[in-house]
Amino acid sequence: MNNSISTYTLRIADDSLILGHRVSEWCGHGPILEEDIALTNIALDLIGQATSLLEYAAATEGKGRTADDLAFLRYERDYTNVLLAEQPNGDFGQTIVRQWLFDTFRLFFYEALCYSKDPQLAAIAEKSLKETKYHFKHSSEWVIRLGDGTEESHQRAQAALDLLWRYAEELFFMNAVDHELIAQGIAVDLTTIKPLWLERIQHVAKEATLKLPETNWVMKGGREGQHSEYLGYLLAEMQYMQRTYPGMEW
Amino acid sequence: MKEINLTELEAAFQSKLDREIRIEPNDWMPADYRKTLIRQISQHAHSEIVGMLPEGNWITRAPNLRRKAVLLAKVQDEAGHGLYLYSAVETLGADREETIDDLHSGKAKYSSIFNYPTVSWADMGAIGWLVDGAAIMNQVPLCRCSYGPYARAMVRVCKEESFHQRQGFEIISKLALGTPEQKEMAQDALNRWWWPALMMFGPNDADSPHTQQSMNWKIKRSTNDELRQLFIDVTVPQAELIGLTIPDPDLKWNQETGHYEIGTINWDEFWAVVSGNGPCNRERVAARKKAKEDGMWVREAALAHAEKRKARQAS
Ligand SMILES: [Fe+2]
Ligand SMILES: [Fe+2]
C-alpha cells in the first residue's frame, strides 16, 4: 500500500470527477445540438477517467473502499480537486474558458505522466491523453471563435478569462507528496509543465484577441481540501442517492 | 398538358410504393405526402430533444459512477437521434431552425410522455424500460417507411434504442430485486409511467384520422392499436419476471386471442397533456427555449468568426 500514490491519484481523479460533473450539467441545455453532444462527450470522458483513477486510488489506499465510496461518500474537506474545476458553468463562454485552462494543463500533464514509472498511472495517462487532445482542440477552437467572433462574444470571453485566471495557478500546486513521487520517477514535476502551458495559453489567447489578466492574485486551497462555497452544493446533489439510501446497490 | 404530367407523376410515385421502392429526396412526391412527413419527422425529432430533459434531470444525481456514465451516454444518444431526424426533415425542404421555432411556439407537438416529471431514480429505469421500449415498437416498422432518409435514420436509431431499453430494464430490475425501499421506488415508478407509456402509441385506431392515409403511403406500417398490443404483450411478462405489478386491475390474459386485455385508457388525460396541460409541458418548452435564447450569442459568434476567417483567407 502506498498512500502517497493514492493521494496523488486522488487529486487527478477529483479534478476529473468534479469538472465532469459540472460539464454534465449542460446535457440537454447546450447552445447548439452539436455542442450539446460535444460537451456531453467531454463529461463522459472525464467521468470515465475519474472512474479508472478512483479505482486505482482506492486500491492503493488499501482501506477496502471502492471507487464509488470515494466518489460519493467522502466529506467535502476530503476532496482535493482544484478550485477551478468546481467553479459554476456560468454562460457558455465561462464553461469554455474554464475548460480551456484545464485542458491545456491536462494535455501537457498526461503527456508527461505517460512516462511515469507507475505502470497503472502511465496506462491511464495514455488513454486519457487521446481524449484530452480532442478536448483541448475543442476548447481552444471555441475560445478563438468566441474571442474573435462578435463584440458580445469577445466581451463575454474576456470577462470569463478575467474571472477564472486567478484559479489557474493552483493547477501547478505541489507539496511533499509530489516531491517524494517525482524522486521515484512516478509523478510529474509540474514546474516543467508551467512554461509549456503558459506558452500555449498565450498563443491561443492571441489568436482569440483576448488579454491575459495582469494579476498576481491567486486563489487556491482545493488541493488541501479548502473549497469554495460552490462545492458543497455540488456534492449535495452528487451524493444525494448514496446519502439518502445508505449501503444500497444500484 | 400540365394535368397529364401530374397524373403520370402520381402514377410513377404510386408504382414505387407498390413495388416497395423507397422515395428519395429528389423524387417527385405529392404535396400532402411531403407535408405529412415533415410534420411526423420533425415531431419525432422534437421528441428526442425534449426527451433529453426528464432524464437529464438525474445525471447529476445518478447513484454511482457506472450509472452516471451510462445515463450520460444514453441521453447523448437521444441528442444524436434528434440530429439524424432534423437532417431527414431538411431533405424535405424544411428548415431545421423553423421547425424548432414551431416547437417553441407550441405549434409543433412532441411525444406527450416527456411532460411527466422524473421524481425518483427508479424513473430512469421506467423510462428506459417502458418509454424506450415503446419507442422501439413504434420505430422498428418505420425502418421500412417509404421515405428513404427517414427509414435509414430509423435503422441507426433502433440499434441504440435496444441498448436504452436494456439499461432501463437493468435499472428497474436491480431496484425490484433490491431492498424494500428500492422495490417500493420501482413499483411507484411503474405505477406512474405505465399508462402514459400506453398512450405513447396515440389514440385508438377509430380516433386516429390520419392512420389510413399514412398506411396507404407506407409511412406507417402498423396501426396504433396493433403496436400498443404488441408492447403490452411483451412488457407484462417482464414486469412479472421482476415481481412488479402492472397498475391495472382489469388486466387479464385472453387464452383465445393469445393477447393481454387491459382496462380503459384515460384519453381525457392524454388529450389534456397533448394540448399543453400536462404536469411539465411549460417547463419542457421553457427549457428548450432558454437553451436557444442563451445560445444565440454563441451561434452568432461562430458565424461571425467563420466570416472573418473567410475574408482573411480571401485577402
Ligand atoms: Fe431516441
Ligand atoms: Fe432512446
Side-chain angles (χ1 to χ4, degrees), chain A residues 17 20-22 24-41 43-44 47-48 50-51 54-55 66-68 70-72 91-93 96 141-142 144-157 208 234 237-242 244-245 247-250, chain B residues 45 48-73 75-80 82-83 86 96 100 120-121 171 174-175 178-179 181-182 185 287-288 290-309:
Chain A
L17 178 69
H21 181 101
R22 276 290 185 231
S24 80
E25 293 172 3
W26 274 102
C27 185
H29 307 277
I32 325 171
L33 198 44
E34 287 81 350
E35 199 47 35
D36 206 302
I37 293 174
L39 287 171
T40 306
N41 233 356
L44 260 171
I47 299 294
T51 305
L54 287 169
E55 278 165 1
T66 65
D68 282 325
L70 291 178
F72 296 98
D91 65 8
F92 180 73
I96 283 295
E141 283 174 0
W142 268 110
I144 293 166
R145 256 180 230 125
L146 298 181
D148 188 26
T150 63
E151 183 72 24
E152 181 183 5
S153 71
H154 177 85
Q155 274 173 18
R156 284 177 185 260
L234 186 154
E237 210 171 317
M238 191 169 88
Q239 298 185 341
Y240 163 67
M241 291 295 289
Q242 292 281 349
T244 312
Y245 303 95
M248 295 185 203
E249 279 180 41
W250 306 92
Chain B
E48 301 285 354
I49 301 307
V50 175
M52 295 170 72
L53 298 168
E55 286 178 292
N57 187 35
W58 279 87
I59 287 171
T60 56
R61 287 178 293 170
N64 62 35
L65 290 162
R66 186 169 83 86
R67 294 286 178 213
K68 194 191 276 285
V70 172
L71 185 60
L72 262 171
V75 180
Q76 186 191 36
D77 281 350
E78 305 300 2
L83 264 190
Y86 284 124
R96 167 169 148 183
I100 291 174
S120 83
W121 172 250
I171 290 175
K174 188 91 185 166
L175 299 178
T179 66
E181 291 100 318
Q182 287 174 311
M185 196 189 282
R288 291 311 311 156
K290 183 173 189 301
K292 179 157 183 175
E293 281 160 15
D294 289 355
M296 197 70 88
W297 70 273
V298 178
R299 294 190 297 275
E300 284 168 2
L303 278 178
H305 180 74
E307 295 278 307
K308 282 185 190 175
R309 231 178 210 193

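Just so it is clear: chains get the letters A, B, ... in the order the sequence lines come, proteins before strands, and each one is counted from 1.
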Step by step, work out the side chain to side chain donor-acceptor pair (under 3.5 Å) result for Thr60(B) and Glu237(A). CA-CA 6 Å; Thr60(B) 56; Glu237(A) 210 171 317; 2.4 Å; yes

On a heavy-atom basis, which atom in Pro63(B) and which in Gln242(A) lie closest, and how many Å separate them? O-NE2, 2.7 Å

Taking side chain to side chain donor-acceptor pair (under 3.5 Å) as the definition, give me every residue that meets it alongside Gln239(A), ordered by chain and number, with sequence neighbours left out. Tyr79(A), Arg243(A)

Using non-hydrogen atoms and a 4.5 Å limit, figure out which bit of Trp142(A) sits close to chain B: side chain, backbone, both or neither. side chain

Among Lys174(B), His305(B), Glu181(B), which residue has the highest count of heavy-atom pairs closer than 4.5 Å to chain A? His305(B)

Closest non-hydrogen atom pair between Leu72(B) and Ser24(A), with its separation: CD2-CB, 3.9 Å

I'd like to check Trp58(B) versus Tyr240(A) (side-chain heavy atoms, cut-off strictly below 4.5 Å). Are they in contact? yes

Looking only at Val75(B), Asn57(B), Leu83(B), Ile59(B), the option with the highest number of non-hydrogen pairs under 4.5 Å against chain A is Leu83(B)

Are Arg61(B) and Met238(A) side-chain neighbours, meaning at least one heavy-atom pair lies under 4.5 Å? no

Just so I understand: if I count every heavy-atom pair under 4.5 Å between each of Met52(B), Glu307(B), Met296(B), Lys290(B) and chain A, which residue has the most? Met52(B)

Based on non-hydrogen pairs under 4.5 Å, which of Ala301(B), Ala62(B), Gly82(B), Ala304(B) is most in contact with chain A? Ala301(B)

Is it the backbone or the side chain of Leu17(A) that comes under 4.5 Å from a heavy atom of chain B, or both, or neither? side chain

Lys/Arg N to Asp/Glu carboxylate O, Glu34(A) vs Arg96(B), below 4.0 Å: yes

Can you say whether Phe92(A) sits under 4.5 Å from chain B via the side chain, the backbone, both, or neither, judging by heavy atoms? both

Who among Leu33(A), Asn41(A), Asp36(A), Leu39(A) has the most heavy-atom pairs with chain B under 4.5 Å? Leu33(A)

Answer with side chain, backbone, both or neither: which region of Arg156(A) has an atom nearer than 4.5 Å to a non-hydrogen atom of chain B? side chain

Which atoms form the tightest heavy-atom contact between Gly28(A) and Leu53(B), and what is the distance? O-CD2, 3.8 Å

When the 4.5 angstrom heavy-atom criterion is applied to Ile144(A) and chain B, the contacting part is both

Chain B shares the most heavy-atom pairs under 4.5 Å, among Thr150(A), Ile47(A), Asp148(A), with Asp148(A)

I'd like to check the ring-ring contact (aromatic ring centres under 6.0 Å, His included) partners of Tyr245(A); sequence neighbours left out, ordered by chain and number. Trp250(A)

Shortest non-hydrogen separation from Leu65(B) to Asp68(A) and the atoms involved: N-OD1, 2.9 Å

